[in-house]
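Computed from a predicted structure; not experimentally measured. In what follows, every heavy atom counts, from backbone to side chain, and hydrogens, waters and symmetry copies are set aside. In what follows, every chain begins at residue 1, and chains take the letters A, B, ... in the order their sequences are listed.
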Protein chains: 2
Amino acid sequence: MTPTLHDVARVAGVSIKTVSNVINAHPHVRPATREKVQRAIAELGYTPNLTARSLRSGRTGVIALAVPDLSFSYFAELAGMVIARAEERGVVVLVEQTGGERDRERELLRSPRLGLTDGLILSPLGLEASDLADRPRTYPTVLLGERVYDAPVDHVTMQNVDAARAATQHLLAAGRRRIAVLGAHDDDGAAGLRLRGHRAALADAGVAHDPDLIVETRFWDRAGGADAVRDLLARGVDFDAVFGLNDTLALGAIRALQEAGRRVPDEVAVVGFDDLDEAAYAIPSLTTIDPGRQWIAQTAVDTLLGRVGDAAGEARVVSAPFEVRVRESAPAR
Amino acid sequence: MTPTLHDVARVAGVSIKTVSNVINAHPHVRPATREKVQRAIAELGYTPNLTARSLRSGRTGVIALAVPDLSFSYFAELAGMVIARAEERGVVVLVEQTGGERDRERELLRSPRLGLTDGLILSPLGLEASDLADRPRTYPTVLLGERVYDAPVDHVTMQNVDAARAATQHLLAAGRRRIAVLGAHDDDGAAGLRLRGHRAALADAGVAHDPDLIVETRFWDRAGGADAVRDLLARGVDFDAVFGLNDTLALGAIRALQEAGRRVPDEVAVVGFDDLDEAAYAIPSLTTIDPGRQWIAQTAVDTLLGRVGDAAGEARVVSAPFEVRVRESAPAR
DNA sequence: ATGAAAGCGCTAACAC
DNA sequence: GTGTTAGCGCTTTCAT
């Protein structure tokens with residue numbers, strides 16, 4: 001069996017309290033005693049049972065992170081950042097995939113599985129505001145990105161509307177007037193918010209808005225972006241720019257444009273949204289919006305840990321600073 | 001406070017044992033009693049304390065997965081598959097990033113942090129065989145991919161040598177003779193093994209091997225692949241094919257080739273290794289090796305869970321079936 | 001079919 | 001400065 005405090009105490013010839021004191025770096029331990037205990041620990045290869053410690057202390061040192069799917073670079077990179085920040089703060093991260101399904105997301109908010117964690121960072125896709133109502137108030141939760149709920153939950157979000165508006169403004173400033181939007185969807189999610197920003201920019205500039213240029217896609221992936229562009233071309237729609245509502249759509253669009261012999265950015269400028277690592281290495285490199293992922297990851301972890309053991313206080317809603325990253329696919333002019 | 005078994009028992013007017021029986025679907029409970037208990041559970045919103053259960057049972061239902069970095073698509077996709085399989089098997093996954101650093105990897109093998117997990121799947125990069133010696137024998141561990149250690153640890157690996165040989169054979173069969181290798185490194189890791197397979201294929205075909213064609217890179221990323229190609233071009237090395245030892249290198253290479261005006265695959269054919277989701281969507285789409293990641297992820301989880309609670313038995317070393325995925329960047333002919 | 005009670009390994013309040 | 005002891009919430013013999 002693995003050695004326990006009692007074993008160490010016996011070997012060292014002291015009580016378990018003393019051993020506990022040594023382990024927890026309690027100040028008042030005589031050096032000689034500390035020495036004895038440490039020798040016993042080394043000899044037995046003792047390592048504290050974290051489960052027991054958790055039961056006692058009520059903390060596990062584990063937080064949960066739930067994202068739709070790690071095979072999407074956006075969420076993989078986000079998860080990496082969350083884990084890195086968590087490590088800095090001395091906790092580890094349990095990662096779940098929801099597939100963006102409302103049921104899985106809702107379930108996570110009250111799953112007993114969470115009994116092993118001190119809190120949850122959830123990046124929802126299908127969740128409805130009503131799902132947040134019957135949530136156990138005591139369990140620290142932070143909602144991430146995308147969608148804003150009108151519920152008493154901490155929320156770390158991004159400026160979907162303003163950032164999308166900035167993206168479209170960038171294209172307009174470069175002289176583009178026929179901007180196709182890929183991945184659009186009239187909802188309260190990221191798609192709807194970004195579309196709203198796009199329209200605001202058009203309105204600001206007094207550019208008419210043409211429904212033909214708005215393309216819905218089944219998924220926000222490369223195939224979706226490529227298919228959307230092929231669809232535009234097939235329908236004979238005239239356009240001189242593409243705004244992919246995320247980078248993957250934009251990258252798929254570039255592929256389809258090149259297949260069709262349309263030069264990027266000369267004939268068609270392309271901007272994305274997310275600033276994936278990949279965006280900088282695409283051919284051509286992708287002009288995109290950095291929605292502040294690093295900031296989001298860090299703030300989410302810090303906010304969550306701030307709630308652990310002290311759940312009180314108003315729900316905070318903060319949103320990350322964003323930036324336009326100008327690259328080859330849509331230069332300034 | 002959150003309700004406990006005792007609270008439920010009191011409200012239901014039974015003993016905690018009976019409540020426990022109901023929760024754990026114990027067969028011998030009278031329907032009327034079960035009913036009463038379930039009402040009490042619902043009324044109180046009781047949810048079992050998993051920490052206490054873990055302490056008692058010795059199991060946590062959590063496994064740890066340690067990979068170098070989630071911002072590398074290969075590991076992100078692998079992690080997603082591991083998590084998905086784990087969910088099917090009823091456990092959750094704690095994800096750690098090692099940065100590929102030996103110290104972090106070594107530490108994980110005996111970290112007390114692991115006290116919260118039932119086992120560890122480790123995808124090592126820097127680890128040495130000697131690091132495996134002083135590992136606690138009782139803690140279920142599975143080593144993943146890449147490198148083969150001569151140690152009594154379960155190992156789910158890929159056929160680095162044979163798969164790389166197949167990649168080079170594919171290029172040779174297409175008539176290429178001057179094959180540049182990117183990301184090479186003479187070690188016992190993936191780089192060294194894949195390089196070995198490449199050389200074996202050359203030798204089989206009686207093609208001379210030219211050291212000028214072997215390029216080391218600092219990292220296995222896009223920038224590394226692009227720089228390596230630029231270096232070859234700058235040195236005036238003659239080549240008609242590129243074997244990127246992973247997909248990211250190959251994708252970076254394609255970018256640099258296109259920048260330099262070399263047509264892919266006409267002038268230079270390119271193959272990668274990994275079969276990232278992205279490989280199918282690149283321009284041109286990337287011919288690559290699928291090293292059997294899905295199989296690896298599932299087998300790793302299944303092997304690990306097989307060890308939990310029954311650590312005995314010979315260490316198993318299994319290796320995944322691989323396949324050449326022929327796409328545009330290096331067609332069959 | 002249900003209850004009483006021991007104990008998983010640890011922390012911390014309280015003695016000495 | 002160090003020892004004693006009472007739980008944390010659960011599962012699980014052993015009675016009844």
Side-chain angles (χ1 to χ4, degrees), chain A residues 1-38 40-41 44-62 112-118 136 138-139 309, chain B residues 1-38 40-41 44-62 112-118 136 138-139 309:
Chain A
M1 277 311 292
T2 56
T4 75
L5 266 192
H6 289 90
D7 298 323
V8 176
R10 194 165 23 71
V11 169
V14 299
S15 83
I16 62 166
K17 169 63 164 129
T18 303
V19 179
S20 179
N21 282 342
V22 171
I23 289 168
N24 298 306
H26 200 77
H28 304 303
V29 180
R30 216 177 328 160
T33 316
R34 178 188 309 280
E35 181 67 20
K36 261 194 313 190
V37 171
Q38 274 162 344
I41 289 176
L44 294 171
Y46 168 80
T47 140
N49 179 318
L50 292 200
T51 307
R53 184 177 284 178
S54 293
L55 176 57
R56 198 49 247 237
S57 67
R59 302 272 182 83
T60 62
V62 182
R113 268 183 170 168
L114 296 179
L116 289 164
T117 55
D118 294 337
T138 51
Y139 185 67
Chain B
M1 275 310 294
T2 58
T4 75
L5 266 192
H6 289 90
D7 299 322
V8 177
R10 193 164 23 73
V11 170
V14 299
S15 82
I16 61 168
K17 167 65 165 132
T18 303
V19 179
S20 178
N21 283 342
V22 170
I23 289 168
N24 299 306
H26 199 77
H28 304 302
V29 180
R30 218 177 328 161
T33 316
R34 179 188 309 281
E35 182 68 20
K36 260 194 311 190
V37 170
Q38 274 162 344
I41 289 177
L44 293 172
Y46 168 79
T47 141
N49 179 319
L50 293 199
T51 307
R53 184 177 283 177
S54 293
L55 176 57
R56 199 48 247 239
S57 68
R59 301 272 182 83
T60 63
V62 182
R113 268 184 171 168
L114 297 179
L116 289 165
T117 56
D118 294 337
T138 50
Y139 185 67

Name the atoms and distances for all side-chain donor-acceptor pairs under 3.5 Å in residues 5-12 of chain A, with sequence neighbours left out.
residue, atom, partner, partner atom, Å
A:D7, OD1, A:R10, NH2, 2.7
A:D7, OD2, A:T4, N, 2.8

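- Counting only residues at least two apart or in different chains, side-chain hydrogen bond (donor to acceptor under 3.5 Å, both in side chains) contacts with residues 53-62 of chain B comprise B:T60-B:D118.
- The phosphate of D:dG9 (OP1 or OP2) has no side-chain N or O of B:T4 nearer than 4.0 angstrom.
- Atoms OG1 and CG, from A:T117 and B:L116 in turn, are 11.0 Å apart once rounded to the nearest 0.5 Å.
- Between the NE2 atom of B:H26 and the P atom of D:dT11 there is a distance of 12 Å, given to the nearest Å.
- Within residues 31-38 of chain A, the residues approaching DNA chain D are A:T33, by heavy-atom distance under 4.0 Å.
- If you take CG of A:D7 and C1' of C:dC10, they are 13 Å apart, rounded to a whole angstrom.
- B:T33 pairs by the side-chain hydrogen bond (donor to acceptor under 3.5 Å, both in side chains) definition with nothing, not counting sequence neighbours.
- B:L55 places its CG atom 17 Å from the P atom of C:dA6, with the value rounded to the nearest Å.
- Between the P atom of C:dC8 and the CG atom of A:N49 lies a distance of 11 Å, rounded to the nearest Å.
- Remark on the helix from C:dA1-D:dT16 to C:dC16-D:dG1: inter-end axis angle 40°, axes from five-pair C1' superpositions, rounded to 10°.
- Applying the salt bridge (charged side-chain N to carboxylate O under 4.0 Å, His left out) definition to pairs two or more places apart or across chains, none involves residues 19-30 of chain A.
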Worksheet item: Taking it one step at a time, do A:T47 and A:T2 satisfy side chain to side chain contact (heavy atoms under 4.5 Å, CB included)?
Response: CA-CA 8 Å; A:T47 140; A:T2 56; over 6 Å; no
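- Here the side chains of A:L55 and A:T51 are not in contact, with every heavy-atom distance at 4.5 Å or above.
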Scan nucleotides 11-15 of chain C against the protein and return all N/O pairs shorter than 3.5 Å with their distances rounded to 0.1 Å.
residue, atom, partner, partner atom, Å
C:dT11, OP1, A:R53, NE, 2.6
C:dT11, OP1, A:R53, NH2, 3.3
C:dT11, OP2, A:S20, OG, 3.3
C:dT11, O2, A:R56, NH1, 2.7

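- For D:dG3, one of the phosphate oxygens OP1 or OP2 lies less than 4.0 angstrom from a side-chain nitrogen or oxygen of A:T18.
- Scored by the side-chain hydrogen bond (donor to acceptor under 3.5 Å, both in side chains) test, B:N21 finds B:K17 as partners (sequence neighbours excluded).
- Counting to the nearest Å, the P atom of C:dG3 and the CZ atom of B:R10 are 15 Å from each other.
- Here C:dG9 presents its P atom at 15 Å from CG of B:L116, a figure rounded to the nearest Å.
- When all heavy atoms are compared, the tightest approach of A:R34 to A:H26 is NH2-O, 3.8 Å.
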